[in-house]
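One structure below.
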Amino acid sequence: MSRLVVVSNRVAPIQEGKQSSGGLAVAVHDALSEIGGVWFGWSGETYASGSSKVKTETKGKITYATMPLARRDYDAFYKGYANATLWPLFHYRMELVDYHRRYVVGYRRVNEEFAGRLAPMLQPDDLVWVHDYHLIPLGRDLRMMGHRNRIGFFLHIPFPPPDLLTTCSDHAFLVQSMCAYDLIGFQTENDVENFLSYIRKVAGGTVGRGGRFEAYGEKSRACAFPIGIYPDRLAEQAAASADARQTKRLLRSLTGKDLIVGVDRLDYSKGLDRRFDAYETLLETAPSLRGHVTFMQIAPPSRSDVQSYREIREVLEGKAGHINGRFAEFDWVPLRYLNKSFQREQLTGFFRTARVGFVTPLRDGMNLVAKEYVACQDPEDPGVLVLSQFAGAAAELDGAVTVNPYDTEYVAEGLQRALSMTIEERRSRWASMMSVLRTNDLGAWRRNFLRALRSR
Ligand code: ADQ
């Protein structure tokens, strides 16, 4: 079998026996351990001047190849184009897009450099799998260097409709770059439709069956591959964590109150400001719940050197203070807002303790927290997932209480429904979601993608 070469912005070697890594890292690690190959990407380090070298390290069947970024590339490519331009644009947030020509120049430069450094490591029959919005032009750069390998691309975040995408001057460059891949994977059918709609309406291309299309002189295919988790592994961990010291401390601190839990990176796409508003509306409109419910939001800062991330942090601190100032009693704090991260084992215990999983992004590629919350529940006494209709996960998780995160009263009603649901209904909704999670697990995600790429 041909080798697998994975390219992603960050390379995350897995420490054996540790379960602290995210979905992408676990899936890539599993695939590479089985098939063997190379994982190439940024080392996470920057340098001020001089040149860089690719560092390689082989462990078992996997060779990790990483390189640092020049400081100016970090600013223009990572902080700039990837996280201040593409991230808001692809999450339908035009008002937050920060666009500068120097950003896109840096973005192209880093992609070309990555392609140039990866090229000598490639063997003609390697299967190449490129991940996410940081690396959209990489496949095309490899093609321009003469590589004819099968190259696939997976976008972890949403793909916006053409009317939104075209607000960015580089839209044609971005889509044309995507067309150089043999297979383009998206999280949901909705993202596929948005992409193919651009192909038809803006690129003037033609779309056939099964996501096959022709545009810009290229033939390719766009399909949905919803990323998953390993639900049974997580369920086992959650059951074990139920007896852990921290879970017990959390439980004791609740003194019988129902817990609502939210776990997110501190990111404006996660809808935390409106989530806090909805919780305030709940306390306002259902006074009987005051003193009987606690909302714990865990949100460690991310990308804190990007302006819009600093702003959302300030907004949330203000709202948290306001809610607690307005409703707290001497023996009850309605909102616990924690700006720190927790180990996966601790989170699984928290998820299992919570009566409600509160996941309300304004837009999200998939949202693995929603899936993890479901997997961690006690089958005999499961909690309820309150989920935004704009998370990719909503397309699969039919047992969730689905809400529109822009309508705070509607979200508050959803919370009330979740908090008062009968055990029979909770069990039946949970069982239906758990069965979907088992069918579309993380192994299925990468097997389906690689099978489609091989058979193109
Ligand atoms: P993210 O935006 O990071 O990922 P998400 O899928 O929810 O969003 O989380 C990824 C992982 O990080 C999960 O395993 C979660 O448990 C963990 N995590 C999140 N917040 C945490 C916290 N406060 N403490 C500890 N761990 C935390 C991007 C896309 C998503 C897509 C994933 C995978 O934005 O839409 O689901 O990639 O494709």
Side-chain angles (χ1 to χ4, degrees), residues 6 8-10 12 14 18-28 82-83 86-93 129 131-134 153-160 185-188 190-191 224-231 233-234 237-238 241 246 261-272 275 296-303 309 312-313 316 336-351 354 357-376 385 387-388 390-397 437 440-442 445-446 449:
V6 174
S8 62
N9 180 53
R10 292 298 297 272
I14 302 268
K18 287 217 167 169
Q19 279 284 317
S20 56
S21 311
L24 166 69
V26 174
V28 167
N83 287 323
L86 293 182
W87 179 272
L89 177 71
F90 280 39
H91 285 86
Y92 300 43
R93 298 295 291 275
W129 190 5
H131 288 264
D132 230 0
Y133 60 102
H134 313 84
F153 176 75
F154 185 80
L155 185 69
H156 289 257
I157 64 175
F159 191 84
F186 295 93
Q187 298 274 25
T188 66
N190 189 48
D191 300 311
F225 301 92
I227 194 168
I229 58 172
Y230 287 116
R233 284 190 204 171
L234 217 58
Q237 205 171 69
S241 296
Q246 280 209 328
V261 76
V263 175
D264 306 76
R265 278 186 304 105
L266 214 173
D267 189 294
Y268 48 80
S269 68
K270 305 293 180 184
L272 296 171
R275 192 180 304 172
M296 179 166 78
Q297 175 63 54
I298 296 173
S302 68
R303 303 172 192 166
Y309 286 78
I312 184 71
R313 190 172 177 175
L316 292 174
R336 300 180 189 180
Y337 176 43
L338 288 77
N339 269 166
K340 58 193 268 192
S341 66
F342 286 87
Q343 295 291 327
R344 184 161 288 259
E345 303 88 75
Q346 296 171 325
L347 284 183
T348 57
F350 295 170
F351 284 151
F358 199 12
V359 186
T360 53
L362 302 178
R363 192 62 61 176
D364 216 329
M366 176 54 61
N367 196 299
L368 292 178
V369 170
K371 295 188 168 181
E372 291 164 0
Y373 173 77
V374 172
C376 289
L385 177 66
L387 178 63
S388 161
F390 303 118
E396 291 167 89
L397 298 179
L437 292 184
N440 298 350
D441 76 356
L442 191 56
W445 173 70
R446 54 116 171 151
F449 184 91

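Whatever order the structure lists them in is the order used to number ligands and atoms, beginning at 1.
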For ligand 1, note which part of [X] has a heavy atom under 4.0 Å away: side chain, backbone, both or neither.
{"X": "Asp264", "answer": "backbone"}
{"X": "Ile227", "answer": "side chain"}
{"X": "Tyr373", "answer": "neither"}

In this structure, CD1 of Ile227 is separated from CH2 of Trp445 (nearest 0.5 Å) by 4.0 Å

Which atoms of ligand 1 are found less than 4.0 Å from any heavy atom of [X]?
{"X": "Gly365", "result": "35 (O)"}
{"X": "Ile298", "result": "23 (N)"}
{"X": "Phe342", "result": "24 (N), 25 (C)"}
{"X": "Leu347", "result": "24 (N), 25 (C), 26 (N)"}
{"X": "Pro300", "result": "22 (C), 23 (N)"}
{"X": "Gln187", "result": "31 (C), 38 (O)"}
{"X": "Val369", "result": "7 (O), 15 (C)"}
{"X": "Arg265", "result": "1 (P), 2 (O), 3 (O), 20 (N)"}

Is there a polar contact, in the sense of an N or O pair closer than 3.5 Å, between [X] and ligand 1?
{"X": "Val263", "value": "no"}
{"X": "Leu368", "value": "yes"}
{"X": "His91", "value": "no"}

Of Glu372, Arg363, Met366, the residue with the heavy atom nearest atom 14 (O) of ligand 1 is Glu372

Nearest heavy atom to atom 17 (C) of ligand 1, choosing from Lys270, Gln343, Arg344, belongs to Arg344

Could a heavy atom of Asn367 be found less than 4.0 Å from some atom of ligand 1?
yes

Checklist entry - Is there a heavy atom of Trp87 sitting under 4.0 angstrom from any atom of ligand 1? => result yes

Short side-chain donor-acceptor distance under 3.5 Å, Asp364 and Gln187: no

For this session: Using only heavy-atom distances, determine whether the side chains of Thr188 and Asn190 contain a donor-acceptor pair under 3.5 Å.
Result: no

Student check: side-chain heavy atoms of Asp267 and His91 closer than 4.5 Å
no

With sequence neighbours left out, the residues meeting side-chain hydrogen bond (donor to acceptor under 3.5 Å, both in side chains) with Arg363 are none

In short, Asn83 meets Tyr309 closest at the heavy-atom pair O-CE1, 4.4 Å

Shortest non-hydrogen pair, Asn367 vs Pro361, comes out as ND2-CG, 4.0 Å

Original post:
Do we get Arg303 above Trp87's six-membered ring, with its NZ or CZ under 6.0 Å from the centre and within 45° of the axis?
Top reply: yes

Inset, instruction - Validate the cation-pi geometry between Arg233 and Tyr230: distance from NZ or CZ to the six-membered ring centre under 6.0 Å, angle to the ring axis within 45°. - result: yes

Arg336 meets the side-chain contact (heavy atoms from CB on, under 4.5 Å) criterion, sequence neighbours left out, with Leu250, Ser253, Leu254, Thr294, Met296, Leu338

Next item on the list: Classify the ring geometry between His156 and His131 as parallel (under 30°), tilted (30 to 60°) or perpendicular (over 60°).
Entry: tilted

